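Everything below concerns the one structure shown next.
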Amino acid sequence: MKNTINSLIIFCKKHAEIMSCLCLFVFCYIFLFHQLGLNPLIDVDETRYADMAREILQKSDWITMHLNFNIFYEKPPLYFWMLASSYMLFGKISEFTARFPIALTASFAVFYTYYFGKKTISRVFGLISALILLSCIQFLVLARVAIIDMILSTFIMSSIYSGFLTYFCKESNQKYYWWAAYFFSALAVLAKGLPGLILPFAVMGFVATITGNLKKMFKPENILPGFVIFFTISLPWHLAIFHKNGMAFVNDYIIKQHFSRFIDSKGIGRQAPLYFFLPVFAVGFFPWICSFLASTINGIKHLTKDNILSLYTKLKDIFAVNEEKRTEKLLVLMICYFALVMLFFSASSTKLATYILPLYPAAALLTGYYWYQFIENGKNNSGIKISTGIFSVILLLAGVAAIFIVPVLNNKGIVFLSAPLKTYTIALALITAIANFIFIRFNKKVLLFTSQLLFMVGILLISINYVIPMIYNGGENELVSYAKFAKQYNKKLITFDFGVRPSTLFYYEKQVDFIKTCDYQRLKRDLTVNSVIIIKTENLEDTAKNIKFKIVNKGKKYSLLSEIISD
């Protein structure tokens, strides 16, 4: 047995690169692809974007995007092209095919983080950083839902990574990384517009300025082919849709969606204070947030160990050579990356929790280096043990508290956790906390790191099998059922007196008449003999005072009506 283990260890060391990639493939499958299509698409964005891709195929129009068969200028087309291509590749429209492009893009982000870490410091550092990125909660959630943020984040990250790799490679190879930076920036623009250009080049330009490398960015062999690559990819669609739709596209997509939303978000209700993203990141980088704080403090101390005022004068020296001071380079680059992206989104008037997804690669690399030094070199012992100990105490307290506090709130009032959900969640928290304390006590470094990964695997499985179905059964299941009923019996579908729910559109697969207000005059005008109407169950009594109907199905949140007779 001992000889077998030793032979396995020797084999793994001999084929370290293959084993590292295999490890990432396994964890990418577990975290990103396992049971990806198990749960239905959730309102609002998943079903909206999935249906827009379906309309591309239905209308055979790859230039102008449509939602509910109306022109949709808010987003560029790349994500919808990817979704439509996924439908064509697998030959069906389903939850899995709608989410597959996102999971695939997230996998690319993980592997490029591994590649970046390997090229800058070492293979082990790259592997640790990639696994941290993969397992932080916000990255994981947004890698399994069919929305645009992962596409934008991955291409912004890839553009920044490519520009930063010019500081670690031979001078003869720098132009190739610069070209890659322009390539990924162009894809980011096609994913979500100008932030895909502004953000990566603002970060790279700032770093180049403070380190005395700005001329490198503007070398003809870097910038001229870069412009050609960028405009070849990003410009054709913009020209085509402008030619097709004229100033309506300019006013809505460029002026309203880019400049107006950044400056003033009053019209769309997404205002938030300047510090909004700090608590969002603290939660989103769970379970690594304590390690991140320790690593950031340690990194700043390392860079400013002599005098914080002398840091600027040291920057040119740090970046003057390619093979020396790689650690200092990495810390400067990632701190600048993290800080500038945080400032950019914090300065915007429009704020959503998902916007800061591009932060997580920088946070993963900073945290990954801290763990790398702990595992490989025996450094940062106190920092890792204290930060992991704090995380374990939080889990322990949460697990004990959950034993006695079982009610949770939803928009219908107080409900109770199902017995399996309660049991599995408490067991996972307590087992992970106890295991962490044991690994800290006996200095089992790799096991301590692996414990955090397995904890997140447990969180994922609990969410897939219990949490998401609980959310779905909060009313969307009724909307989906009614939409499928209308489709099956070829009925005109109307939703009345509540906001647009694209799940009805996606599962109905035809145009839905969304009446968002309590407008009975419009309802009576839009009715046909072959109509069915979805209303909130709580509004049945008020609706009966204005129109006569037959209840096809009375649900907890929504009801389906038919055979309407106008007064």
Side-chain angles (χ1 to χ4, degrees), residues 35-55 67-68 83 87 92-100 102-103 141-149 269 352-354 408-418 420-421 460 462-489 491-517 532-540 543 551-562:
Q35 294 184 317
L36 185 61
L38 177 65
N39 294 301
L41 301 178
I42 301 294
D43 277 334
V44 175
D45 286 342
E46 269 202 298
T47 47
R48 174 172 61 178
Y49 296 152
D51 189 73
M52 288 173 65
R54 179 187 60 79
E55 290 190 32
L67 175 62
N68 201 22
L83 278 181
Y87 297 161
K92 62 179 179 178
I93 299 174
S94 67
E95 289 81 2
F96 175 81
T97 57
R99 292 171 177 149
F100 177 78
I102 297 297
V141 168
L142 294 179
R144 293 183 63 94
V145 294
I147 62 176
I148 295 174
D149 298 88
L352 283 178
T354 57
V408 294
L409 297 176
N410 70 359
N411 34 347
K412 288 295 292 182
I414 296 179
V415 298
F416 289 88
L417 293 170
S418 65
L421 176 57
L460 173 66
I462 290 172
S463 299
I464 290 173
N465 291 286
Y466 297 101
V467 178
I468 296 176
M470 185 172 64
I471 296 171
Y472 175 72
N473 290 329
E476 188 174 351
N477 57 323
E478 295 170 351
L479 294 175
V480 171
S481 174
Y482 300 156
K484 289 180 177 179
F485 173 89
K487 175 188 173 183
Q488 180 180 356
Y489 293 100
K491 302 285 187 178
K492 177 184 176 181
L493 181 61
I494 302 173
T495 70
F496 183 71
D497 196 20
F498 59 90
V500 173
R501 295 293 183 268
S503 57
T504 58
L505 183 60
F506 180 75
Y507 290 99
Y508 182 52
E509 296 185 10
K510 290 184 288 186
Q511 189 167 15
V512 176
D513 189 357
F514 294 114
I515 304 177
K516 294 184 285 185
T517 60
V532 290
I533 305 175
I534 302 174
I535 69 167
K536 287 188 175 181
T537 300
E538 63 186 24
N539 295 334
L540 277 172
T543 303
I551 298 177
V552 177
N553 191 80
K554 184 176 180 180
K556 291 182 178 180
K557 188 170 184 179
Y558 298 100
S559 292
L560 185 67
L561 316 178
S562 72

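Values in this document were obtained by computation on a predicted structure and should not be read as measured data.
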Do any N or O atoms from the side chain of Y558 and from the backbone of Y482 form a donor-acceptor pair under 3.5 angstrom?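 Judged by distance alone, no pair lies under 3.5 Å.
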Taking the side chain from E55 and the backbone from N68, do they hold a donor-acceptor pair closer than 3.5 Å?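 Answer holds: yes.
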[X] versus [Y]: any side-chain heavy-atom pair under 4.5 Å?
X	Y	value
L67	L505	yes
L561	I551	yes
F506	I93	yes
R48	V500	no
V145	I102	no
I534	R501	no
F514	T504	yes
D497	I515	no

Cut-off 3.5 Å, side chains only: do T47 and D43 have a donor facing an acceptor?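 Side chains of T47 and D43: pair found under 3.5 Å.
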Closest contact, heavy atoms only, [X] versus [Y]:
X	Y	value
T517	F496	O-CE1, 3.6 Å
K554	T537	CE-CG2, 3.8 Å
P469	N39	CG-OD1, 3.6 Å
A53	Y87	CB-CE1, 3.6 Å
R99	I42	NH2-N, 4.4 Å
R54	K510	NH2-N, 4.2 Å

Can you list every salt bridge (Lys or Arg N to Asp or Glu O under 4.0 Å) pair that touches residues 467-487, not counting sequence neighbours?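 Counting only pairs at least two positions apart or across chains, the salt bridge (Lys or Arg N to Asp or Glu O under 4.0 Å) contacts touching residues 467-487 are K487-E509.
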[atom1]/[X] to [atom2]/[Y] distance, rounded to the nearest 0.5 angstrom?
X	Y	atom1	atom2	result
Y49	L83	OH	CG	10.5 Å
N477	I471	CG	CD1	12.5 Å
K92	T97	NZ	OG1	7.0 Å
Q35	E95	CD	CD	13.5 Å
T354	D45	OG1	CG	8.0 Å
I468	L460	CD1	CG	8.0 Å

For the pair V480 and Y472, evaluate side-chain contact (heavy atoms from CB on, under 4.5 Å) and give the outcome as yes or no after the intermediate values. CA-CA 10 Å; V480 171; Y472 175 72; 3.6 Å; yes
